[in-house]
**Student:** 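One structure is given below, represented as structure tokens, and several questions about it will come after.
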Amino acid sequence: MGRRRAPELYRAPFPLYALQVDPSTGLLIAAGGGGAAKTGIKNGVHFLQLEQINGRLSASLLHSHDTETRATMNLALAGNILAAGQDAHCQLLRFQTHQQKGKNKAEKAGSKEQGPRQRKGTAPAEKKSGAETHQEGAELRVENLQAVQTDFGPDPLQKVVCFNHDNTLLASGGTDGYIRVWKVPSLEKVLEFKAHEGEIEDLALGPDGKLVTVGWDLKASVWQKDQLVTQLHWQENGPTFSNTPYRYQACRFGQVPDQPASLRLFTVQIPHKRLRQPQPCYLTAWDGSTFLPLRTKSCGHEVISCLSVSESGTFLGLGTVTGSVAIYIAFSLQRLYYVKEAHGIVVTDVAFLPEKGRGPELLGSHETALFSVAVDSRCQMHLLPSRRSVPVWLLLLLCVGLIVMTILLLQSAFPGFL
């Protein structure tokens, strides 16, 4: 039996590092590039239109935004504003979509679309801010807003960026171990503090203003502004390893299904050093208010590279350094879906199709959809079929049938029972 494969949704002309999905427009936004090296590999942000065509989810390139010499390594989305991590800087972009009025069309940049739906024609990407792309009645305009340097280490690099719950602030972290918080869209700095010794690997902002950071110093910390609230200890209710140091690789807040006022925090722990005999990685679910560990489970021996939580908090998506992709149930941390080496190289980001806006229309009969990107320039789609459940009326009918059969058997065994 052949290896399970995930459908390839799109292939870019450069390595892909970051991914976002806009729920209102159904746009899939993928970004990356070859950096400043003169290799001929471009840098850009591609806007893909998601559509259902003949019962299949398809993506077509709607717009290619050229980022010149800077590759986008991380993205955050707030409405129609993107925060793009480019080298040591954060660049804000604003995009707008509307129906095309004229008949003129600009040809797309990048490689030919590789998904089920393909459109002809390629052309160099636009070189100036505010360039437009017109395709089949759709028009998208992207403009550069403010930009600011967010990291000041010896080899500066912004590694993560995140908006707060009302999109008025964004937080950034990088190689110098500092968290910096900025107003949106002015990018005026409002807070700066040292969070970790060494690089910050990930951060997550909760709706109550609490900030969770994880770093290469093996620590995971909870902050209220610049004040340390607590540190996370995932091994309190989990496995202990005296000779294997673990570090936190990723952290994400998620809703608790059917409990809109509650939050869960999810973290991934990986071995800090690679050993000859691979050690397991772990997923941990935390109470979002007390930050006590609720459940920890192994997620295999492949080193986890990225984590995503679905909009409703029902599912977790994982990518690995060996290119595998998996979907877990957030409540039980049980694995539902797995494709080994889907990309064959490190998965750099994963993102779920939102469950609001155009999400239900695009999902069709599937329960969820996870998108993954990797250094191999491909964007793949991972569909989870709806889990079948027995209708309530059928259960009631079976119960009535069992009761009737039991009475008939008793009547035949013991005449005059009734």
**Student:** Ignoring hydrogens, what is the shortest heavy-atom contact between P15 and S377? Give both atom names and the distance.
**Tutor:**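 For P15 and S377, the tightest heavy-atom pair comes out as N-OG, 3.5 Å.
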**Student:** Quick check: are there more than 12 heavy atoms from other residues, nucleotides or ligands sitting under 6.0 Å from NZ of K273?
**Tutor:**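 No, the 6.0 Å shell around NZ holds no more than 12 heavy atoms from other groups.
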**Student:** What's the separation between atom CG in L140 and atom CD in Q96, rounded to the nearest 0.5 Å?
**Tutor:**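 The distance works out to 9.0 Å.
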**Student:** What closest approach, in Å, do C251 and L265 show between heavy atoms, and which atom pair accounts for it?
**Tutor:**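 The pair with the smallest heavy-atom distance is CB-CD1, 4.4 Å.
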**Student:** Can you confirm whether more than 12 heavy atoms, excluding those of N54, are under 6.0 Å from its CG atom?
**Tutor:**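 It does not: N54 CG has 12 such atoms or fewer within range.
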**Student:** Decide yes or no on side-chain hydrogen bond (donor to acceptor under 3.5 Å, both in side chains) for Q158 and D87, but give the supporting numbers first.
**Tutor:** CA-CA 6 Å; Q158 177 181 297; D87 299 332; over 6 Å; no
**Student:** Do side-chain atoms of R141 reach the backbone of R94 as a donor and acceptor pair under 3.5 angstrom?
**Tutor:**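 Not a single qualifying donor-acceptor pair exists.
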**Student:** Do L92 and L170 touch side chain to side chain, with heavy atoms closer than 4.5 Å?
**Tutor:**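 Answer yes - side chains close enough.
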**Student:** If you look at every heavy atom in P257 and S312, which pair is closest and at what distance?
**Tutor:**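 Nearest heavy atoms, P257 then S312: CG-O, 3.7 Å.
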**Student:** When rounded to the nearest 0.5 angstrom, what is the spacing between NE2 in H65 and CD in Q91?
**Tutor:**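 The distance works out to 7.0 Å.
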**Student:** Should Q249 and R247 be marked as a side-chain hydrogen bond (donor to acceptor under 3.5 Å, both in side chains) after you check the CA-CA gap, both sets of side-chain angles, and the distance that decides it?
**Tutor:** CA-CA 6 Å; Q249 170 67 15; R247 66 177 173 87; 3.0 Å; yes
**Student:** For the residue pair L353 and L362, establish whether any side-chain heavy-atom pair is separated by less than 4.5 Å.
**Tutor:**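 In short, these two side chains touch, coming nearer than 4.5 Å.
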**Student:** Could you go through the side chain to side chain contact (heavy atoms under 4.5 Å, CB included) check for V21 and L27 one step at a time?
**Tutor:** CA-CA 6 Å; V21 187; L27 286 176; over 6 Å; no
**Student:** Donor-acceptor check, side chain of Q279 to backbone of Q277, threshold 3.5 angstrom: yes or no?
**Tutor:**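 Between the backbone of Q277 and the side chain of Q279 there is a qualifying donor-acceptor contact (under 3.5 Å).
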**Student:** Check whether N43 reaches the backbone of G34 with its side chain - one donor and one acceptor, N or O, closer than 3.5 Å.
**Tutor:**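 Yes.
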**Student:** Can you check whether F266 and W286 have ring centres sitting under 6.0 Å from each other?
**Tutor:**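 Between W286 and F266, which both carry aromatic rings, the centre distance is not below 6.0 Å.
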**Student:** After noting the C-alpha distance and the side-chain angles of E199 and T175, does the key distance pass the side chain to side chain contact (heavy atoms under 4.5 Å, CB included) rule?
**Tutor:** CA-CA 4 Å; E199 299 182 8; T175 59; 4.0 Å; yes
**Student:** So how far is it from L318 CG to S308 OG, rounded to the nearest 0.5 Å?
**Tutor:**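 Between atom CG of L318 and atom OG of S308 there are 9.5 Å.
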**Student:** List the steps and the verdict of side chain to side chain contact (heavy atoms under 4.5 Å, CB included) for L316 and L283.
**Tutor:** CA-CA 10 Å; L316 306 177; L283 263 173; 4.1 Å; yes
**Student:** Can you name the nearest heavy-atom pair linking L16 to C379, along with the distance?
**Tutor:**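 That would be CD1-N, 4.2 Å.
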**Student:** Evaluate the salt bridge (Lys or Arg N to Asp or Glu O under 4.0 Å) criterion for residues D217 and K219: first the C-alpha distance (whole Å), next the side-chain angles of each, then the deciding distance (0.1 Å), finally the verdict.
**Tutor:** CA-CA 5 Å; D217 57 3; K219 295 179 181 179; 5.0 Å; no
**Student:** If you define the side chain from C-beta out and look only at heavy atoms, does anything of S221 sit under 4.5 Å from Y248?
**Tutor:**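 Sidechains of Y248 and S221: no contact.
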**Student:** Hey, is CD on Q52 packed in by over 12 heavy atoms from elsewhere, all under 6.0 Å?
**Tutor:**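 Atom CD in Q52 is packed in, count exceeds 12.
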**Student:** Between Q149 and D151, is there a donor-acceptor pair closer than 3.5 Å when you use the side chain of the first and the backbone of the second?
**Tutor:**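 Yes; judged by distance alone, with no hydrogens or angles, the pair exists.
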**Student:** Between CG of L205 and CG of L169, what distance do you get to the nearest 0.5 Å?
**Tutor:**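 Here the interatomic distance stands at 8.0 Å.
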**Student:** Evaluate the side chain to side chain contact (heavy atoms under 4.5 Å, CB included) criterion for residues F371 and L9: first the C-alpha distance (whole Å), next the side-chain angles of each, then the deciding distance (0.1 Å), finally the verdict.
**Tutor:** CA-CA 9 Å; F371 303 103; L9 197 64; 3.6 Å; yes
**Student:** Does the pair R378/D376 count as a salt bridge with the N-to-O cut at 4.0 Å?
**Tutor:**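 So R378 pairs with D376 through a salt bridge.
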**Student:** If you measure from the Lys or Arg side-chain nitrogens to the Asp or Glu carboxylate oxygens, is any gap between D176 and R180 under 4.0 Å?
**Tutor:**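 So D176 pairs with R180 through a salt bridge.
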**Student:** For Q20 and A78, indicate whether the former's side chain and the latter's backbone hold a donor-acceptor pair under 3.5 Å.
**Tutor:**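 Judged by distance alone, no pair lies under 3.5 Å.
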**Student:** Do T368 and F352 have side chains that get closer than 4.5 Å, going by heavy atoms?
**Tutor:**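 Yes, side chains in contact.
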**Student:** Verify whether one side chain among T150 and H89 offers a donor that lies under 3.5 Å from an acceptor in the other.
**Tutor:**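 Distance-only check fails for T150 and H89.
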**Student:** So do the side chains of V161 and L75 get within less than 4.5 Å of each other, counting heavy atoms only?
**Tutor:**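 Counting from C-beta outward, V161 and L75 never come under 4.5 Å.
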**Student:** Strictly below 4.0 Å, N to O, side chains only: are K159 and D202 in salt-bridge contact?
**Tutor:**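 Looking at D202 together with K159, the answer is no, because their closest N to O distance does not fall below 4.0 Å.
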**Student:** Which pairs, with at least one residue in residues 179-207 and sequence neighbours excluded, count as a ring-ring contact (aromatic ring centres under 6.0 Å, His included)?
**Tutor:**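 Pairs touching residues 179-207 that pass the test: F193-W223.
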**Student:** As a quick check of understanding, evaluate side-chain hydrogen bond (donor to acceptor under 3.5 Å, both in side chains) for Q269 and T284, giving each step before the final call.
**Tutor:** CA-CA 8 Å; Q269 295 81 236; T284 300; 2.9 Å; yes
**Student:** Measure up the F291 and F253 rings against each other and bin them: parallel (under 30°), tilted (30 to 60°), perpendicular (over 60°).
**Tutor:**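 Ring orientation, 0 to 90° scale: perpendicular.
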**Student:** So S324 and E302, side-chain hydrogen bond (donor to acceptor under 3.5 Å, both in side chains) or not? Walk me through it.
**Tutor:** CA-CA 8 Å; S324 302; E302 295 176 90; 2.6 Å; yes
**Student:** When you check the side-chain N and O atoms of Q86 and T72, is any donor under 3.5 Å from an acceptor?
**Tutor:**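 A pair is found: one side chain offers a donor N or O, the other an acceptor, under 3.5 Å apart.
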**Student:** Take the angle between the ring planes of H382 and Y337 and call it parallel below 30°, perpendicular above 60°, tilted in between.
**Tutor:**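 H382 and Y337: perpendicular rings.
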**Student:** Could you check whether R295 makes a cation-pi contact with F331, meaning its NZ or CZ is under 6.0 Å from the centre of the six-membered ring and within 45° of the ring axis?
**Tutor:**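 Yes, cation above the ring, under 6.0 Å and within 45°.
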**Student:** Hey, does the side chain of Q49 reach the backbone of L61 with a donor-acceptor pair shorter than 3.5 angstrom?
**Tutor:**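 Not confirmed, Q49 side chain does not pair with L61 backbone.
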**Student:** Could you check if a side-chain atom of L263 sits within less than 4.5 angstrom of a side-chain atom of P207, using non-hydrogen atoms only?
**Tutor:**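 Of all side-chain heavy-atom pairs linking P207 with L263, at least one is under 4.5 Å.
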**Student:** Kindly compute the distance separating CD1 (I200) from CH2 (W216), expressed to the nearest 0.5 Å.
**Tutor:**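 If I round to the nearest 0.5 Å, the distance is 14.0 Å.
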**Student:** Specify the closest pair of heavy atoms between E367 and S386, including all atoms of both residues, with the distance to one decimal.
**Tutor:**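 For E367 versus S386, the nearest heavy atoms are N-OG, 3.6 Å.
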**Student:** Quick one: does F315's side chain get under 4.5 Å of L384's, heavy atoms only?
**Tutor:**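 Contact flag for F315/L384 side chains = yes.
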**Student:** For a quick test of reading the model, state the closest non-hydrogen atom pair linking D349 to L19 and the distance between them.
**Tutor:**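 Closest approach of D349 to L19, heavy atoms only: OD2-N, 2.9 Å.
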**Student:** Measure the spacing between SG of C162 and CG of N74 and express it to the nearest 0.5 Å.
**Tutor:**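 If I round to the nearest 0.5 Å, the distance is 11.0 Å.
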**Student:** With ring centroids as reference points, do H46 and F14 lie under 6.0 angstrom apart?
**Tutor:**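 Under 6.0 Å, so yes.
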**Student:** Decide yes or no for T168 and K183: does some side-chain heavy atom of the first lie under 4.5 Å from some side-chain heavy atom of the second?
**Tutor:**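 No. Closest side-chain heavy atoms not under 4.5 Å.
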**Student:** Can you confirm whether more than 12 heavy atoms, excluding those of Y338, are under 6.0 Å from its OH atom?
**Tutor:**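 Correct, the count exceeds 12.
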**Student:** Look at atom CG of D208 and say whether more than 12 heavy atoms of other residues, nucleotides or ligands are closer to it than 6.0 Å.
**Tutor:**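 Yes, because the 6.0 Å sphere around CG of D208 holds more than 12 heavy atoms from other groups.
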